[in-house]
Student: 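My questions all concern the structure below.
Side-chain atoms are counted along with the backbone in the values below, which use heavy atoms only and exclude waters and symmetry mates. Everything numeric here is computed off the predicted structure, so don't read it as measured data. Throughout, a chain's letter reflects where its sequence line sits, starting with A, and its residues are numbered from 1.
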Amino acid sequence: MAESKPNELMEKVVSLCKRRGFVYQSSEVYGGINGFWDYGPLGAELKRNVKELWWTSMTRMRDDVVGLEATIIMHPQIWRASGHVDTFTDPMCDCLLTRKRLRSDQIEPQSGTAYHYSGASDAGSGRAVSEPYSVLVQAGKPVESARKIAIQFYQARGLAAVTLEGERAEKVENSQRYNPDNGSLLTEPRPFNLMFKTHVGPVPDEDNVAYLRPETAQAIFAQFKNVLETSRQKVPFGIAQTGKAFRNEVTPRNFTFRSREFEQMELEFFIRPDEVVEVLTGSVATPTAPGHPGEPERNWGWQLWHQYWVEERIRFYEGIGLPRTSLEEYWQKPDELAHYARATVDLLFKFPFGTQELEGIAARSDFDLSQHERSSGKSMGVFDEELRTAWGKLDEATRERIGSSYFEHRRGYLVKAGVPAELAEKKAREDVEGLAKGQYIPHVIEPSAGVDRLILALLTHAYSEVTTTDDKGKSETRVILRFHPRVAPIKVGVFPLLKNKPELVAKAREVHALLRGQMMAFYDDGGAIGRRYARQDEAGTPFCVTIDFDTLGETPELKDTVTLRHRDDGRQERLPMGGLLEFLRERIH
RNA sequence: GCGAGAGUAGCUCAGCCUGGUAGAGCGUCACCUUGCCAAGGUGAAUGUCGAGGGUUCGAAUCCCUUCUCUCGCUCCA
């Protein structure tokens, strides 16, 4: 990474992105639209490469993961079951004094005396403010403390010497309208729905409200049974999906990092609950050392699976040019975890504007499938013949122990989900009976990555500057994007050494024709050769091929060889044309 | 959404204070030149000065509104 100040580096990257056609602001000719970005020619190739590498490594290279491509608009019930309708509709309000933003439903109810003011004036300047305001003070506190806050409020609105007007006291019980920190009145609560709403059908009304998905994952849960029944997969296995998701962010920030329309790469990897693993294998293996635990084993519990996926994902990033040192693993603290999550690891990248999340790998227990089972009324469980048989062979004490552990987990989930205690107990007991018959709801490990964030990480990580000084002492700074060849938008540039020699141009065209179709190859004969190299460096092209007079046979033993030039160090080597394709393929795959 | 700063050629910026109808460097394109790292020459294109409104004989310049970007408060792909 270049050694610039954070903002400087970010500005350079943003500027380069536009100049070279990686990223443009959406709808720019109309003044742009906040939180939306388009990918230009180079960006589109880069993004495509990243998604294909993810898809290939997740599905094609594995026996135990299959793909899904679901719609963006789904049955609205999905978002009620997932919790997005509730948690994404937060009423927010602002403190009128400090402008601090608060979740109005999370404000501790306050009681005391509210002092209302109709406005204030400044005798000195003759100015007046007629905006009403109030301050809540706890019972017993003097009125002066309210006045002090109110004076600050009116001072902030331009009065120097404040004379408060229309003071009036009122008893208040359990109000959420005041800031607990300073007693200041808050703005009216406004709902902040982070889901984009639309209507299915031509006439918008309440009955046909639908949402653009705020994550791709829920479709995987909703289609879990279909995939299970049609893919010939058995737990443990995963379902992968990439696609657009939409969140009406309060504050889109940091270039493409937080966008309102963005793309995700998500895997839901379904595993057996630990109780099932124990029944089948007699014990549950747990992590013994940090690092990659190796090939999956039958006796792995959720913790090992979780660790496995964390390490798999880090390997993926390493494979596309983000070394482990550029990443940071953050294990969420118990109080930060969502209530259904058992563990979540964030993979953070050191962006110029701060260390921020690229991907979250969550162990989500059986929460999601259970929610959809309760919400849809359709079973989300799987049946495992082997489990039923193994259960039959257990002794009574073991059945009792494993059964009660399973019972506690299921009851815990149901109670948290709002099921009345008595009913939850009854249902949890039924679940234990199901377990004995070979039925259970799979747990899930969810590695969920943001594509656009990853693109931004790759761009900022690849960005570097090289300053050279020529004979005349004139120094010049060139930009090199040091992309891993796997993600580089253009894999190879093909140039005739000179443009005004038709034989060179024809030969270069021939080489270009040989390579294109196999990989993104770019032909260029404009300007001097050094300039063309520089242009490709800036686009992040790892290799350039130059056709010269030796290629044509000027030095007989060099006939049909070309110069291959490496981006990162300018090194050149001579290669036979016939071996070119293989040489490049080895390095870009 | 709120507070602070900014928006002029593809990019980086000057001009704004003190109104008189837009400039530099780089880049882009064409031609010439070219013997491996942004070489040189000649020529060309490009701005409704972010958008809208107002003041004025006249606005990039002064005033208002709006949009976008950057930074702080919330967020986690």
Student: Can you name the residues that form a side-chain contact (heavy atoms from CB on, under 4.5 Å) with A:A245, not counting sequence neighbours?
Tutor: A:F262, A:Q264
Student: With sequence neighbours excluded, what pairs up with A:E510 under the salt bridge (charged side-chain N to carboxylate O under 4.0 Å, His left out) test?
Tutor: A:K507
Student: Would you give a per-nucleotide map of nucleotides 25-31 of chain B, 5' to 3', where B means the base has a protein non-hydrogen atom under 4.0 Å away, S means only the sugar-phosphate does, and - means neither?
Tutor: --SS--S
Student: In chain order, what residues pass the side-chain contact (heavy atoms from CB on, under 4.5 Å) check against A:N500, with sequence neighbours excluded?
Tutor: A:L498
Student: Could you tell me the separation between the CD atom of A:Q25 and the C1' atom of B:U70, rounded to a whole number of Å?
Tutor: 13 Å
Student: Suppose you measure atom P in B:G72 against the same atom in B:A39; what distance do you get, rounded to whole Å?
Tutor: 40 Å
Student: NA contact type, A:S259, heavy-atom cut-off 4.0 Å: base, sugar-phosphate, or nothing?
Tutor: base
Student: Mind checking ring-ring contact (aromatic ring centres under 6.0 Å, His included) for A:F221 and listing every partner two or more places apart, or none if nothing turns up?
Tutor: none
Student: Once salt bridge (charged side-chain N to carboxylate O under 4.0 Å, His left out) is applied, do any residues pair with A:K51, and if so which ones, sequence neighbours excluded?
Tutor: A:E263
Student: Measure the distance from CD on A:E359 to C1' on B:C76 and round it to the nearest whole Å.
Tutor: 12 Å
Student: According to the Watson-Crick and G-U wobble definitions, with both distances under 3.5 Å, which nucleotide is paired to B:U68?
Tutor: B:A6
Student: I'd like to know if A:S15 reaches the base of B:C11 with its side chain, counting only an N/O donor and acceptor under 3.5 Å.
Tutor: no
Student: Suppose we call a contact any N or O donor and acceptor under 3.5 Å apart; does that hold for the side chain of A:N34 and the base of B:C69?
Tutor: no
Student: Between C1' on B:A77 and CG on A:N254, what's the gap in Å once rounded to a whole number?
Tutor: 14 Å
Student: Taking N and O atoms by type only, does the side chain of A:R258 place a donor or acceptor under 3.5 Å from a partner on the base of B:C76?
Tutor: no
Student: When the distance from CD1 of A:I529 to C1' of B:A38 is rounded to whole Å, what number comes out?
Tutor: 12 Å
